[in-house]
Amino acid sequence: MRFIARILVLLVVTGALGAGFNAVRPGGRGLVWKPDLTTDIMKSPEQAAKHEIDLARAVELYNESADGSSGTVFFLDARPHETYLEGHIPGALNAPADEIMNHAEYIMNNIPTGDDVTVVVYCGGGDCRDSKAAFRELKEGLGYTNVVIYKAGWEEWDDPKNALPIEEGDSPIFVPVDDGAFTSEGQE
Amino acid sequence: MNGPVAKGLQWVLRLALAGVFLFYGGGKVWDPQGFADAITAYELAPWWTINPTAILLPWLELVAAVILVFGPWRAEAATLIAGMMVMFIVGVSSALIRGLNINCGCSVSGGTPVSWNYVGFQTLLLAGAVILIITNRTKRPAQPAGTEPTTLEQPA
């Protein structure tokens with residue numbers, strides 16, 4: 001009996017440590033999962049689709065971000081930094097999906113939180129998971145309310161037939177693109 | 001099992017198991033989301049168990065590892081480790097049988113892809129934990145033959 005009691009004590013201590021650490025840790029998780037945002041978005045295409053946008057909508061939002069008029073639309077590139085340097089959507093902030101919580105201050109300094117702010121996350125395209133992971137981190141970890149996933153991502157944006165602007169190199173500070181902004185007419 | 005060689009072997013086992021669990025648990029403590037993703041990929045656990053597991057299991061690994069080295073309740077810690085190993089072996093084997101192409105989720109970076117070799121490694125860890133349970137269970141002082149404790153007779 002003492003053996004089992006000690007195991008129970010260890011389990012209780014572990015529970016207290018884990019829950020306590022999670023409570024004080026920045027970006028700690030809820031002990032109860034929110035399936036609409038977390039498990040299912042990584043697992044279920046149907047759940048993910050509710051938050052996904054296509055190229056046309058991405059371009060609309062890009063124009064809002066690029067003209068800098070609203071200051072309420074921001075792009076976030078969730079790919080690894082090396083890939084981002086090779087080319088990204090102009091003005092997009094880079095925060096690799098698995099490092100978002102490490103860059104929380106950087107992100108929140110450059111992308112304000114608020115119900116009027118929309119964050120567009122993207123990754124390489126296809127079945128890439130980084131944008132979904134970034135979506136969840138932004139929603140659950142940092143408290144952004146309006147986050148959408150540009151599913152086709154960089155693969156589609158960079159396709160020459162779309163003739164969309166791209167930017168190479170580093171972009172450590174988010175600055176809305178104010179010159180040569182892409183316009184809908186520019187697609188033609 | 002109390003000779004210097006046996007004690008040395010016990011130390012080796014304790015340090016090896018503790019090292020593995022400190023390494024794996026320590027990384028996952030800092031990345032519960034990554035671990036949650038890894039658990040999700042197994043497609044075994046109900047959704048409502050994923051967050052608590054991702055948050056608490058790494059701490060169980062750490063606590064068990066620390067006690068295995070420093071603590072007085074080593075058999076209990078080894079039991080917890082054995083329980084976790086059984087769970088991990090079932091999970092990885094199940095993923096392999098179902099043909100899932102996933103990482104083991106054993107460390108912060110997601111770990112290595114699941115394989116039967118990895119199951120073999122897990123089985124070795126389980127065997128080590130079982131040996132530590134057997135050798136660390138609190139031993140009652142042996143009673144000399146014929147001197148079994150008897151109940152005191154109550155005065156009439």
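The sequence lines fix the lettering, A, B, ..., with proteins before strands; numbering per chain opens at 1.
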Hydrophobic clustering (ILVMFWY, side-chain heavy atoms < 4.5 Å, transitive) - are [Y] and [X] grouped together?
X        : Y       : value
B:Ile134 : B:Val86 : yes
A:Ile7   : A:Ile4  : yes
A:Val12  : B:Val63 : no

_Show me the pairs that pass side chain to side chain donor-acceptor pair (under 3.5 Å) and involve residues 62-73 of chain B, at least two apart or across chains._
none
_Co-members of the apolar cluster containing B:Val5 [side chain, <4.5 Å]_ = B:Leu9
Say you draw a straight line from [atom1] of [X] to [atom2] of [Y]; how long is it, rounded to the nearest 0.5 Å?
X        : Y       : atom1 : atom2 : answer
B:Ile67  : A:Leu10 : CD1   : CG    : 4.0 Å
A:Leu17  : B:Trp59 : CG    : CH2   : 5.5 Å
B:Glu61  : A:Thr14 : CD    : OG1   : 10.5 Å
B:Ile133 : A:Phe3  : CD1   : CZ    : 6.0 Å
B:Leu60  : A:Leu11 : CG    : CG    : 6.0 Å
B:Leu56  : A:Asn22 : CG    : CG    : 8.0 Å

